[in-house]
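Below: the structure, in structure tokens.
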Number of protein chains: 2
Amino acid sequence: MRSSTTAWEALFRAQVTVMREIQKLPEFKALSTREYDVLFNLSRCESGTSRLSDLNQYLLISQPSLSRMADRLESKGLLARRQDPTDQRAVLFSLTDEGAALQKSMGREHIKGIHALIGTALSSEEFATLQELSTKLRQHIEAS
Amino acid sequence: MRSSTTAWEALFRAQVTVMREIQKLPEFKALSTREYDVLFNLSRCESGTSRLSDLNQYLLISQPSLSRMADRLESKGLLARRQDPTDQRAVLFSLTDEGAALQKSMGREHIKGIHALIGTALSSEEFATLQELSTKLRQHIEAS
DNA sequence: CACATTTGTATGCGTTTGCATGTAATAGCA
DNA sequence: TGCTATTACATGCAAACGCATACAAATGTG
């Protein structure tokens with residue numbers, strides 16, 4: 001009972017602390033971290049496209065918020081919407097060339113920023129362990 | 001370069017996944033997770049009070065947002081504002097009895113929910129390691 | 001095959017948020 | 001001491017958010 005909740009609290013506090021610093025980084029003047037996260041997740045789809053509802057699974061924002069955020073990203077020319085040919089209800093999102101390029105450049109800066117921020121906080125082995133345990137935790141929930 | 005950023009991504013994704021589930025828990029119908037977080041942080045102050053700016057250090061929301069959230073929590077009778085006698089600019093927040101009681105009851109439900117959600121995801125040793133590494137990561141940033 | 005249910009997305013609307021800025025108190029300095 | 005800079009919080013305002021709901025397409029059911 002105790003170990004899982006204290007571990008969660010520690011993980012959550014670490015996330016808040018890192019996130020506070022990340023939001024200050026200059027690359028997030030153009031796009032908020034939430035918006036970047038949409039581009040990032042889309043860039044990770046091997047098909048290059050994703051339904052709104054599938055994308056929403058990996059984000060903290062609500063479905064209506066994502067729908068409207070997509071409007072904005074679309075009007076900025078970063079994202080393209082098209083109908084799913086196999087399901088007329090569904091919408092498929094994909095990055096435009098411009099969106100993909102912006103994601104890449106923000107991603108590069110983001111990596112630099114993260115490294116500068118936490119690069120020396122833990123050893124390589126510790127980072128690997130943290131990654132492994134975080135992934136295991138996430139997968140446990142996704143599997144249930 | 002790589003190990004720190006992939007570990008951060010994994011930690012962040014885990015946080016999103018856990019948080020999505022937490023937000024669905026029934027106890028967060030009364031108060032949002034952000035609002036609960038304010039009560040939680042206040043409950044952890046050994047003095048029982050905290051300046052707005054100090055409290056804000058541990059939260060992701062902006063200072064103006066916290067100021068207005070405090071207005072709402074105050075009007076709900078959960079929080080009390082008073083002036084810092086040693087600094088006329090500053091405001092000291094503290095939980096009212098009602099606020100402390102609500103935090104405790106939400107905290108209890110929260111712990112149950114977390115345990116039900118992730119209790120069996122990792123072993124006790126793994127949770128302890130996750131907690132230790134997360135804390136070390138956070139402290140590295142806070143120290144800089 | 002009609003009809004109810006479910007699923008996927010969009011929209012109305014009130015609330016919450018952040019940015020820029022205002023105001024007042026303190027600190028720093030010449 | 002007087003003046004500037006800084007710090008702490010609040011407020012105006014537009015943007016973004018979530019909830020409830022509407023709508024349309026797909027699925028299930030008799």
Side-chain angles (χ1 to χ4, degrees), chain A residues 16 19-39 41-42 45 49-76 78-94, chain B residues 16 19-39 41-42 45 49-76 78-94:
Chain A
V16 168
M19 208 58 185
R20 278 187 65 88
E21 298 302 316
I22 288 181
Q23 287 179 344
K24 296 176 190 168
L25 298 176
E27 63 266 25
F28 290 111
K29 290 295 174 187
L31 241 48
S32 74
T33 53
R34 288 177 158 189
E35 290 170 326
Y36 171 73
D37 208 24
V38 170
L39 302 193
N41 273 284
L42 266 178
C45 297
T49 67
S50 175
R51 287 184 171 204
L52 188 148
S53 53
D54 292 338
L55 200 51
N56 197 213
Q57 292 264 129
Y58 301 105
L59 304 170
L60 278 177
I61 64 175
S62 66
Q63 177 271 313
S65 291
L66 179 56
S67 180
R68 280 194 251 248
M69 186 187 284
D71 290 344
R72 279 175 266 136
L73 293 174
E74 197 178 7
S75 72
K76 286 184 181 180
L78 302 173
L79 205 103
R81 260 185 172 103
R82 64 189 168 83
Q83 223 167 26
D84 184 341
T86 72
D87 186 338
Q88 298 297 109
R89 295 168 303 181
V91 175
L92 293 175
F93 289 127
S94 57
Chain B
V16 167
M19 208 60 186
R20 278 187 65 88
E21 298 304 315
I22 288 180
Q23 288 179 344
K24 297 176 189 167
L25 297 176
E27 64 267 24
F28 290 110
K29 290 293 174 189
L31 240 49
S32 72
T33 52
R34 287 177 159 189
E35 289 169 326
Y36 171 73
D37 208 23
V38 170
L39 301 193
N41 273 284
L42 265 177
C45 298
T49 66
S50 175
R51 289 185 169 204
L52 188 148
S53 53
D54 291 338
L55 200 51
N56 198 23
Q57 292 267 128
Y58 301 105
L59 305 170
L60 277 177
I61 63 175
S62 66
Q63 176 270 313
S65 292
L66 179 57
S67 181
R68 278 192 255 247
M69 185 185 285
D71 290 344
R72 296 190 298 267
L73 293 173
E74 195 177 9
S75 71
K76 286 184 178 177
L78 303 172
L79 206 104
R81 261 186 172 101
R82 64 188 168 83
Q83 224 168 28
D84 185 341
T86 72
D87 186 340
Q88 298 296 109
R89 296 168 302 179
V91 175
L92 293 176
F93 290 126
S94 56

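Within every chain, numbering begins at 1; the chains are lettered A, B, ... in the order of the sequence lines, protein sequences first and strands thereafter.
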I'd like to check A/L39 versus A/L73 (side-chain heavy atoms, cut-off strictly below 4.5 Å). Are they in contact? yes

Taking CD1 from A/I61 and P from C/dT17, how many angstroms apart are they, rounded to a whole number? 15 Å

Test item: A/D37 side-chain N/O and A/T33 main-chain N/O as donor-acceptor pair under 3.5 Å: no

Counting only N and O atoms by type, is there a donor-acceptor contact under 3.5 Å from the side chain of A/N56 to the main-chain atoms of A/I61? yes

Locate the shortest heavy-atom distance separating A/D54 from A/S50; write the atom from each residue and the value. CB-OG, 3.6 Å

Contact check, residues 82-93 of chain B vs DNA chain C, heavy-atom distance under 4.0 Å, returns B/D87, B/Q88, B/R89

What's the closest nucleotide to the side chain of B/L52 if the choices are C/dA10, D/dA10, C/dG8? D/dA10

Regarding D/dG12, can its base be found pairing with the side chain of B/R68 as donor and acceptor, where the two atoms are less than 3.5 Å apart? yes

Taking the nucleotide of DNA chain C with the nearest heavy atom to each, does A/K29 or A/D71 sit closer to the 5' end? A/D71

From the options D/dA8, D/dC17, D/dA10, select the nucleotide whose nearest atom is closest to the side chain of B/S67. D/dA10

Considering heavy-atom distances to DNA chain D, does A/Q63 or A/R34 have its closest nucleotide positioned more toward the 5' end? A/R34

B/Q23 CD to D/dG18 C1', in whole Å, measures 10 Å

I want to check something: taking the side chain as every heavy atom from C-beta on, are A/F93 and A/R81 in contact at a cut-off of under 4.5 Å? yes

Just to verify, which of B/L52, B/D87, B/L55, B/D84 counts as forming a side-chain contact (heavy atoms from CB on, under 4.5 Å) with B/L92? B/D84

From D/dC9, C/dG8, C/dA10, nucleotide with atom closest to A/S53 side chain: C/dG8

Please state how far atom CE in A/M69 lies from atom C1' in C/dT9, giving the value in whole angstrom units. 16 Å

